[in-house]
Amino acid sequence: MTPLGWRWVLFAVATLGWWAAQPTQVHAAGSCPPIRHPEKVTVSSTLFFSQRHPDLVEARQVTNLAVPKRQWMLADDLTLGAQTAEYRHAMHCLLHGDSRTRARFDTWNPEWRPSAPQATERDDMIVVRYASWNLIKDSGFFEVGPWTVHVAPGKDWASSLRSPKLLNGASWEKVDVDPGSLKISEAPPASTVNANGGRVWIAHAPVLVADVVPPRPVGLALSRSAAWFAPLGVVSWWICASAVIAVSAWPFLDGRKTAGSPEKAAAGVLATTVLQWAGLSAALGLTLLLILQKFHSPFPVPAVVGLLSGLTLVLLARPWLPFKRDFDDSRRALKRRATVIAAAAVVVTVVGLLVVWAPHLIGLPSNLTPTVSPPASGVAGLVLLDLAILWLLLAAIVAWAWRFVREGRLGDSSINGAPVHSVRRLTTTGAALAVAAGVAVSFRWYSFDHRWRRSDWLGEASTVFGADYRTILGQQLAGFASAGPQWAYAYTWVLPGVALVALLHLSYRSSSGASLAPQQWDLLLVIAVFAIVVALHSGVFFAGSLSLAYGFWLPLNMVVLYVLVKAGRWWSLLGRVERKAGGNCVAVELSTAAGHRRLLEDAHRWRGLLRQLRTAYQGEADDATRRNLEKQLRSLHRWRPAGCRHDCLPDTVSVVDVALSWGPHRHWWHNALHAARWAAVFGILPSMVTAWYENAANTEHWNFTLNSPTGIPDVIAKFLTQEISFAGAGLVLGALWRVLPGERGPLRAFNLFVAWLMPIGVVAALNVSFGSREVGWQVLGVVLMLMVLTLTSMWMDADTFRGERRYWAKRLDLLTSIYQVHGLSRQIAFLAAQLVTAVTIWRTLVVSPK
């Protein structure tokens, strides 16, 4: 890192330390004078639930209180401004008093309020309207006004109403619980029951418990045993993914012993690297399982594991090597880069270990979890520990991705082998990773502060949690040393995808002969990319609802796509052409530049002659002209590549169909890259919409994201990973372009839609707890993917005849020429049907969740 970069890091740490040193304002509640005639106080409260998102349930409450001005000495204080101490004291007595019990910060979820409760004068009464809400996702206690919703695995949600002592004897006119799309399982006898299962109690005692049946989708209704097995399910996926990439890399190991074949030798080296990562990934997954379960280990153990794991992964990745393996780099330059990287990683690790091994020097206990307010040095030390762990793990992810790219020779044509100013580049990368880690830790701090201030709006957070601001802050920063590695490791699923693509690239470079599509082990690599990069990204939480189905999800997707490719190859257009040709002569012909050019010229002539013939039949052309045009078309239909013994085209297939089925490039690998680029472009808008909906669909959801320890980083990561998933889908489509059924691109894209949809149906059938909403969300994701692939396939068809762009002002005109008017209309109608389907599902699930 440059001196400037270190100055910024030190400045940020100093700023955080100064912030931690600032005292927190706490408002003393004081004593609460009683109400002289509490029976004259009227109270009503309504609690209702709604679910407009598959991962969240919204709980809202509205409580109305009317207090006689002359019966309580603090009544007039309720009308003062919310910033005054008198207002806060009066509201504390009226809304909470001494009814709030001690709670743990990690399990207590304070409510959100649209604004401070407003009090108005009405005759001789002070009327207070108290509205608040909360979002339920995980287990814990959720505060909603005078209500508390207790969410525990394997149990119904206990919605408890507890009024403060000040209101004992008050007239509770009406208590209403509306379960919305949920239902009430147990509650005291109600005065009335609504059509949707809501209960209303008239003149009820101010203590009430109503159990609500939780929704099924997000694991809120998991049993205790299922909740325990959930981490094991996560690790089962990592182990299964490691097995997949290990099996995929195994056949390439023999390439290291191949003499005179540098590409196969490089593939062997990369295969060894992939096997190393497979073992490291599985081992780290099992290690994190132990951290997740917290098997009575001292708290510093997760921090030490995170530090040493990150350091080990960085050093094993060897990111100091030059991009090109055959670049004649000087030993001195290589040693200098290795020294810079190793020194930076070791220094960061030592800084973190010093905090763990000598916490007393900065005022922290041996377990790093303060029970009293720590000094500013202790808070700064915990911040440094979190930064060190995240920096090492982020650096490890980048380093391994770089190693896969380097050994897979991805980008050889665009990147110079000479590492110009490589030390400066390494320093810049390290500084960027430090900024990323700083952002993650900063939002961890911000989310804590956000939650604390919601609890402390009446100055009683310290009483509720039994500790002051800085003590709880220290505990949260210490806990992030364990949660941070789990969060960073969750995104390492990208690395197997990079490794598989790198292996596929080297296999393409070392292949000899012509083929329509990936064969044997190359096909396995493509299918593995589909399962890990495409199907996993959007379906893992769906599969994870079965707990151990995480590992089952990968091979299921691979088997489905493999069967579809094998069956589809027989029905594909080029498969039929090859069978009629009786050999591989079509692929051999079109793999050459001259053969591909001749095919495109014949296809261009065919389209021109066909237009002339249609015009001739519609006009007044003589028979001789029509017969001449037909003769030329029959001549083009008798297409016979070099090496073929007889004509290759079936009666219903033209040279235009062959050209579109072959794709814009001579090799399937270049078709795959071409489709991946366009899919990433067309996926930008769906990625933005998906990231927005999952994190900021409305104001409440956005507040929930801000409340999450990794909310904002997850928004950014969601967009990037969605883009990777779209690019991976395009890669698979382009690689299998020639063996998927269909004469036009959109029909080929539809085959991947089927391949993705079938595993969803299988898992939904196995899991009886699934409802239509959960399946609907998955189908919506698949439809969005189909839209992206449909647009990509249409652009692929247009790029097949990109040499004719000079004849057409717009790409749409070229597509009209290729598809003809009626064909283009069908493709546009197909795309419009997908859009209508997506909007219909969206409206059904979001606008009308019930």
Side-chain angles (χ1 to χ4, degrees), residues 513-517 519 568-617 625-668 670-671 674 734 736-748 793-794 796-805 807 814-820 822-824:
S515 63
L516 290 181
Q519 301 289 334
R569 185 185 181 100
W570 177 265
W571 296 103
S572 66
L573 188 144
L574 288 180
R576 290 152 51 198
V577 171
E578 272 201 335
R579 286 199 303 275
K580 186 172 182 181
N584 197 34
C585 56
V586 175
V588 172
E589 168 80 6
L590 298 183
S591 296
T592 63
H596 190 217
R597 185 173 58 253
R598 283 194 297 270
L599 173 66
L600 294 179
E601 291 173 353
D602 289 346
H604 178 66
R605 287 182 56 205
W606 175 280
R607 287 163 39 223
L609 291 171
L610 190 60
R611 282 195 300 271
Q612 295 178 38
L613 182 61
R614 288 174 177 171
T615 303
Y617 273 105
T625 301
R626 288 195 294 267
R627 284 195 299 271
N628 181 51
L629 293 173
E630 291 172 353
K631 180 179 178 181
Q632 294 182 63
L633 285 172
R634 283 194 299 271
S635 174
L636 288 175
H637 191 270
R638 290 193 294 270
W639 182 63
R640 182 182 300 180
C644 291
R645 290 171 294 180
H646 45 75
D647 298 344
C648 299
L649 300 184
D651 293 339
T652 58
V653 176
S654 69
V655 287
V656 175
D657 300 327
V658 174
L660 291 175
S661 297
W662 186 257
H665 296 281
R666 299 199 309 273
H667 198 282
W668 58 262
H670 297 292
N671 280 341
H674 195 95
L736 303 177
W737 184 262
R738 299 167 184 170
V739 294
L740 292 175
E743 296 181 355
R744 298 295 182 264
L747 291 180
R748 297 186 181 91
S793 63
M794 294 175 69
M796 288 275 287
D797 284 344
D799 287 338
T800 298
F801 293 96
R802 61 187 178 275
E804 300 181 22
R805 284 296 303 274
Y807 307 133
L814 177 58
L815 280 173
T816 304
S817 171
I818 296 171
Y819 291 158
Q820 303 301 321
H822 298 295
L824 181 61

Distance-minimising heavy-atom pair for Leu636 and Val655: O-CG1, 3.7 Å
Arg579 to Trp570 six-membered ring, cation-pi geometry met (6.0 Å, 45°): yes
Gap separating the CE atom of Met794 from the CE atom of Met796, nearest 0.5 angstrom: 13.5 Å
Nearest heavy-atom neighbours spanning Ser661 and Gly742: OG-O, 4.4 Å
Arg605, CZ: over 12 other non-hydrogen atoms inside 6.0 angstrom: no
Close side-chain approach of His665 to His596, heavy-atom, < 4.5 Å: no
Test item: Ser572 and Arg748 side chains (from C-beta on) under 4.5 Å apart, heavy atoms: no
Separation of His604 NE2 from Leu599 CG (nearest 0.5 Å): 13.5 Å
Nearest heavy-atom neighbours spanning Ser654 and Leu649: C-CD1, 4.0 Å
Spacing of CZ belonging to Arg738 relative to CG belonging to Asn671, to within rounding of 0.5 Å: 5.0 Å
Side chain to side chain, Arg627 and Gln632, heavy atoms closer than 4.5 Å: no
Student check: side-chain heavy atoms of Leu590 and Val658 closer than 4.5 Å: yes
Nearest heavy-atom neighbours spanning Cys648 and Pro641: SG-CD, 3.4 Å
Minimum side-chain heavy-atom gap Arg576-Trp571 below 4.5 Å: no
Distance in Å, Leu747 CG paired with Leu740 CG, rounded so as to fall on 0.5 Å steps: 10.5 Å
Contact summary for Pro664 and Arg802, nearest pair of heavy atoms: O-NH1, 3.0 Å
Test item: Trp662 and Leu516 side chains (from C-beta on) under 4.5 Å apart, heavy atoms: yes
Thr592 vs Arg666, side-chain contact (heavy atoms from CB on, under 4.5 Å): CA-CA, chis, key distance, verdict: CA-CA 7 Å; Thr592 63; Arg666 299 199 309 273; 5.6 Å; no
Pairwise distance CG(Leu609) to CG(Leu633) - rounded to 0.5 angstrom: 5.0 Å
Non-hydrogen atoms of Glu743 and Leu660 that approach each other most closely: O-CB, 4.3 Å
Straight-line distance of Asp797 CG to Arg744 CZ, nearest 0.5 Å: 7.0 Å
